[in-house]
Undergrad: 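Before I ask anything, here is the structure I am working with.
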Amino acid sequence: MKRRELIQLTASSLGLTIAGVPLSVLAQGKAGGTINAIVQPEPPGLMLGILQNAPTQMVAGNIYEGLVRMTEKLEPVPALAESWKMSDDGLTCTFKLKKGVKWHDGKPFSSADVVFSVDVFLRKTHARLRGNLGVVESITAPDANTVVFKLKQPFGPFLGLFEVGSMPMVPKHVYEGAADFLNHPANNKPIGTGPFKLKEWVKGSYIQLTANEDYHVPGVPSVKDVYFHVIPDAASRAAAFESGKVDVVPGGAVEFFDVKRLAALPGVAVTTKGWEFFAPQSWLWLNNRRKPFDNPKFRQAIMWALDREAMAKIAWHGYAKPAMGPLNSSVKFYTEKVTHYKRDLDKAKALIKESGYNGQPLRLLPMPYGESWMRVAEIIRQNLMQAGIKVEMVSTDVAGWNSRLNEWDFDMSTTYVFQYGDPALGVARNYISSQIVKGSPFNNVEGYSNPKVDALFDAGAREIDPAKRAVIYEEVQKLLVDEVPVAWLHEMKFPTLYRTKIDNLISSGIGLNDSFAYAKLK
Amino acid sequence: MNRLQLMLKRVIQGLAAILMIATVNFLLIRAAPGDPVSVLAGEAGASDAQFVAQLRTQFGLDQPLPMQLMTYLGKVVQLDLGFSYRQQQPVIDLILERLPATLLLTGSAFVLSLIMGVALGAWSSRKVGTWVDSGITVLALVFYATPLYWLAMMAVLLFTVQLNWLPGFGYFTVGADLSGMAFAWDIFLHLLMPSLTLALFYMAVYVRMTRSSMLEVAQMDFVKTARAKGVHPRRIHHNHILRNALLPVVTLAGIQAGGMIGGAVLTETVFSWPGIGRLMFDALLQRDYNLLMGCFLVTSAMAVLFNLITDFIYTLVDPRIELS
């Protein structure tokens with residue numbers, strides 16, 4: 001044991017303090033150092049206002065910032081906004097911005113940047129935000145540090161829109177007046193207000209970020225450099241972590257069957273924290289437009305036939321638990337008061353008989369995102385075959401998979417989606433009729449339509465009283481669980497592997513997609 | 001017909017071939033289901049009709065197919081390979097950025113495999129029937145039959161994870177800021193494993209080719225004559241047999257050299273070597289049409305070029321081959 005560690009240990013065990021701060025905290029961690037992380041796959045670019053795919057979010061979450069951050073309990077806390085106030089009628093939200101914030105090029109950040117980002121830039125480039133901005137009537141900046149959002153109608157999950165992935169602030173002075181944001185040359189040199197700046201990107205190898213010396217939180221960030229390594233093969237990523245060249249492996253970057261082995265290495269820890277806001281949920285899409293899926297009895301039969309416990313154990317190695325319904329248990333307004341499906345082959349067979357299924361083979365598209373998804377699909381096939389349903393597997397690559405879903409050319413397909421902390425942000429879109437739109441695999445692809453469900457989700461979004469929202473969402477959950485528009489599989493728990501020499505790696509509800517600002521090296 | 005005229009003729013033929021290849025590539029790629037817009041929309045986790053339409057217009061994918069083909073060929077003739085949809089950069093820049101890494105990896109593997117393959121093949125043909133011959137043959141068979149990625153993975157597990165002798169991924173040590181000789185040494189260390197794994201596979205092919213070809217030549221009358229005349233066995237082996245047996249090896253080497261650029265996808269993937277093979281594979285998965293066609297075009301141009309060089313070498317190795 002080194003001397004410093006010894007002092008630290010003694011100090012903390014004796015509970016010594018200097019000016020009220022425990023000695024152990026003062027001794028702990030020194031500024032500087034390097035963190036090596038994996039990003040998988042290589043992001044197409046780092047301009048977060050234009051690209052919203054997972055790898056871009058993970059790297060660019062260090063460069064850009066939103067007005068608020070989301071804690072693990074999904075409470076908004078200040079980031080670029082110092083404080084905010086929602087009027088009693090739920091129609092006006094006033095943000096006070098932090099003073100003295102600078103862009104990476106040294107220009108000051110102000111309310112004009114917020115108005116430009118949201119009203120001009122993101123409205124044009126960010127499809128998910130554009131959908132949610134439908135309720136916003138106007139955005140104005142009465143002075144340099146104040147921004148006022150006026151809404152057309154109350155919107156319960158309003159503050160959930162302001163985290164960095166959903167609403168990153170982009171610099172007005174760089175983009176204003178540009179004819180084409182998508183092809184703007186500045187996209188290759190991202191300029192944000194975040195704790196890290198882009199230093200170098202060697203395509204195919206790594207992305208290097210370096211600490212922003214002028215960051216607006218004193219003493220932050222602690223780490224000097226962050227490298228994101230691009231390693232295309234899952235087994236090689238595991239080897240890179242095992243050999244100590246990499247310190248952080250984000251969820252899903254190594255196969256689930258490798259996690260246990262890697263987590264058991266000395267000086268390594270594993271956590272499933274940091275996914276509270278996204279609350280990923282996997283399910284089996286059922287094409288409600290086609291026979292036999294147009295019959296709710298057949299869809300219920302599938303829920304009874306699936307052995308989701310076994311899938312969680314075998315395919316996900318324990319990093320999943322069966323989903324009860326459309327909401328994950330970490331999402332607001334989740335209820336357990338719904339029908340509980342647990343494998344029952346007799347019930348499944350009876351329902352299949354009642355539904356009049358004629359024995360036609362049904363095509364199952366496994367999600368082409370790695371080995372574990374293949375295993376899930378294989379178990380699903382076996383479960384359904386045991387219940388008397390014929391299943392054919394159709395293998396595709398990612399592009400083929402996207403296009404078949406976009407064109408609704410499938411019977412069943414596995415997938416997973418994010419819920420963004422609130423049913424109105426990430427859940428409703430998968431079940432309401434207005435989201436039956438060709439061209440994207442993340443809306444109501446199954447083609448389920450029920451006016452009652454539509455009305456309930458609409459009412460839930462308009463309501464701002466949490467108690468009333470809870471009643472509405474409880475009703476919609478009961479209804480959906482009995483109707484089975486899709487067969488819910490699991491609440492997924494993505495494990496993040498990291499070396500224990502890093503303290504405070506994950507400090508928010510968006511996990512690694514937030515920044516490494518508060519991480520410390522021991 | 002003199003050599004220059006012949007070469008000129010072959011160059012023109014080659015250019016025509018490349019243009020035809022470009023057309024076929026274009027049509028083949030479009031025949032695969034899914035387009036770049038659906039991939040980008042899928043990656044974004046959300047999209048709407050406006051987003052999709054905006055991207056299609058931006059990429060020119062809303063034009064009719066024959067029109068797109070004409071636009072593309074028109075650009076290719078002017079050596080403009082277009083713009084990568086996903087990476088938002090000119091295709092030619094992306095390819096040139098990756099070219100040195102690929103040439104270093106495949107070039108060194110090529111030279112290694114050729115030298116080792118011919119040497120081992122010649123040795124085993126001399127010792128035919130002995131344990132040396134059996135050993136080399138079995139080894140060649142094993143390397144030929146073992147999947148390249150498995151061999152690569154095992155090498156990483158042994159030399160990087162277990163022994164910690166060699167770096168397991170990348171092109172150079174990230175963040176070390178080396179220069180000069182230290183940098184070259186660093187690259188050499190990184191190159192060792194991928195280059196050797198790739199070389200072992202091709203080496204196996206050369207061993208088998210050289211061996212069988214030499215055994216065949218050894219049965220020919222002029223060798224028997226030389227032997228009857230009392231020429232020293234080593235001289236017979238080197239000058240009579242080996243030289244005449246090399247022709248099929250040259251053919252094979254020519255083909256391998258042509259396919260070198262694109263042939264290292266698996267090795268590049270396992271060792272995360274930032275080369276063209278990976279660029280091409282990623283482009284395929286993302287349906288990045290322009291980038292994929294650019295990679296195909298460059299690799300096919302390489303193949304044509306090496307064919308020309310091989311033809312030229314033929315005429316040097318074996319003067320009996322007619323120039324016409």
Side-chain angles (χ1 to χ4, degrees), chain A residues 34 36 41-42 44-45 47 51-56 124-131 180 182-183 187-188 202-206 208 225 227 229-233 235-237 239-240 242-245 396-407 417-418 429 437-443, chain B residues 32-55 58 83-89 94 97-98 101 149 152-153 156-157 160-162 164 167-172 174-175 266 268-275 278-279 281-282 284-287:
Chain A
T34 301
N36 288 286
E42 183 161 27
M47 210 299 160
L51 299 158
Q52 277 87 40
N53 60 75
T56 298
K124 210 167 171 182
T125 58
H126 198 317
R128 180 160 54 84
L129 183 69
R130 177 166 51 230
D180 184 3
L182 298 180
N183 285 322
N187 294 346
N188 291 323
V202 178
K203 288 270 165 75
S205 295
Y206 66 91
Q208 183 190 359
D225 290 290
Y227 289 92
H229 297 266
V230 180
I231 302 177
D233 181 62
S236 305
R237 287 194 287 275
E242 201 174 351
S243 64
K245 303 289 189 311
T396 55
D397 66 351
V398 175
W401 182 75
N402 275 323
S403 106
R404 293 187 80 145
L405 290 171
N406 292 349
E407 298 301 315
V417 293
F418 290 167
R429 59 180 175 151
V437 187
K438 268 195 178 175
S440 166
F442 293 99
N443 51 29
Chain B
D35 69 0
V37 173
S38 68
V39 177
L40 286 174
E43 276 185 341
S47 75
D48 51 17
Q50 187 188 340
F51 179 69
V52 169
Q54 189 182 335
L55 286 178
Q58 188 197 345
F83 211 69
S84 158
Y85 303 135
R86 189 181 146 94
Q87 309 210 25
Q88 297 285 318
Q89 274 182 43
L94 289 167
E97 204 174 62
R98 302 290 187 96
Y149 67 89
M153 208 57 241
V156 171
L157 282 183
T160 306
V161 177
Q162 293 299 325
N164 208 4
F169 68 96
Y171 183 20
F172 51 86
V174 169
L266 288 176
E268 285 182 0
T269 303
V270 175
F271 293 103
S272 59
W273 191 263
R278 251 176 70 200
L279 187 68
F281 189 62
D282 289 345
L284 172 71
L285 289 184
Q286 289 138 4
R287 300 290 188 274

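Quick note: numbers below take in every heavy atom, side chains included, and nothing from hydrogens, waters or symmetry partners. The sequence lines fix the lettering, A, B, ..., with proteins before strands; numbering per chain opens at 1.
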Undergrad: Select, from A:Pro55, A:Gly204, A:Ser403, the one with the greatest count of heavy-atom pairs under 4.5 Å involving chain B.
TA: A:Gly204
Undergrad: Using non-hydrogen atoms and a 4.5 Å limit, figure out which bit of A:Leu405 sits close to chain B: side chain, backbone, both or neither.
TA: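 Neither part.
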Undergrad: Pair A:Val202, B:Tyr171 - check side-chain contact (heavy atoms from CB on, under 4.5 Å), show working.
TA: CA-CA 11 Å; A:Val202 178; B:Tyr171 183 20; over 6 Å; no
Undergrad: Among A:Val398, A:Val437, A:Asn183, single out the residue with the greatest number of heavy-atom pairs under 4.5 Å to chain B.
TA: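 Of the candidates given, the most pairs with chain B belong to A:Asn183.
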Undergrad: What part of B:Gln162 is in contact with chain A, defined as an atom under 4.5 angstrom from a non-hydrogen atom: side chain, backbone, both or neither?
TA: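 Contact with chain A is absent: no heavy atom of B:Gln162 under 4.5 Å.
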Undergrad: I need the residue from B:Val156, B:Val37, B:Leu284, B:Val270 with the largest number of non-hydrogen atom pairs under 4.5 Å to chain A.
TA: B:Val270
Undergrad: Looking at B:Arg287 and A:Asp397, does any basic side-chain N land under 4.0 Å from a carboxylate oxygen?
TA: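 Here B:Arg287 pairs with A:Asp397 in a salt bridge, since their nearest N and O are under 4.0 Å apart.
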Undergrad: Test B:Gln88 against A:Leu51 for side-chain contact (heavy atoms from CB on, under 4.5 Å), laying out the working first.
TA: CA-CA 12 Å; B:Gln88 297 285 318; A:Leu51 299 158; over 6 Å; no
Undergrad: With a 4.5 angstrom heavy-atom cut-off, is it the side chain or the backbone of A:Asn406 that approaches chain B, or both, or neither?
TA: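 Side chain only.
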Undergrad: Counting only non-hydrogen atoms closer than 4.5 Å, does B:Arg86 touch chain A with its backbone (N, CA, C, O), its side chain (CB onward), both, or neither?
TA: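 For B:Arg86, the contact with chain A is made by backbone and side chain together.
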Undergrad: With a 4.5 Å heavy-atom cut-off, do B:Tyr149 and A:Asp233 have their side chains touching?
TA: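 In short, these two side chains do not touch, never coming nearer than 4.5 Å.
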Undergrad: Can you tell which part of A:Thr125 gets under 4.5 Å to a heavy atom of chain B, answering side chain, backbone, both or neither?
TA: backbone
Undergrad: Can you tell which part of B:Tyr85 gets under 4.5 Å to a heavy atom of chain A, answering side chain, backbone, both or neither?
TA: neither
Undergrad: Within this structure, what is the CD-CD distance for the pair B:Gln87 and A:Glu42, rounded to the nearest 0.5 Å?
TA: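 Rounded to the nearest 0.5 Å, the CD-CD separation comes to 6.5 Å.
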Undergrad: Report the residues that fulfil ring-ring contact (aromatic ring centres under 6.0 Å, His included) with A:Tyr227, sequence neighbours left out, ordered by chain and then residue number.
TA: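 In terms of ring-ring contact (aromatic ring centres under 6.0 Å, His included), with neighbours along the sequence ignored, A:Tyr227 is linked to A:Tyr206.
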Undergrad: Can you list the residues that meet the side-chain contact (heavy atoms from CB on, under 4.5 Å) rule with B:Glu97, with sequence neighbours excluded?
TA: A:Lys203, B:Leu94
Undergrad: Quick check on the interface: out of A:Arg237, A:Gln208, A:His229, A:Lys245, who has the most heavy-atom pairs with chain B under 4.5 Å?
TA: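 Top count of heavy-atom pairs under 4.5 Å with chain B: A:His229.
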Undergrad: Counting only non-hydrogen atoms closer than 4.5 Å, does A:Asn188 touch chain B with its backbone (N, CA, C, O), its side chain (CB onward), both, or neither?
TA: side chain
Undergrad: I'd like to know which of A:Ser236, A:Ala240, A:Pro232 tops the heavy-atom pair count under 4.5 Å against chain B.
TA: A:Pro232
Undergrad: Tell me, for B:Phe172 versus chain A, whether the close heavy atoms (under 4.5 Å) come from the side chain, the backbone, both or neither.
TA: side chain
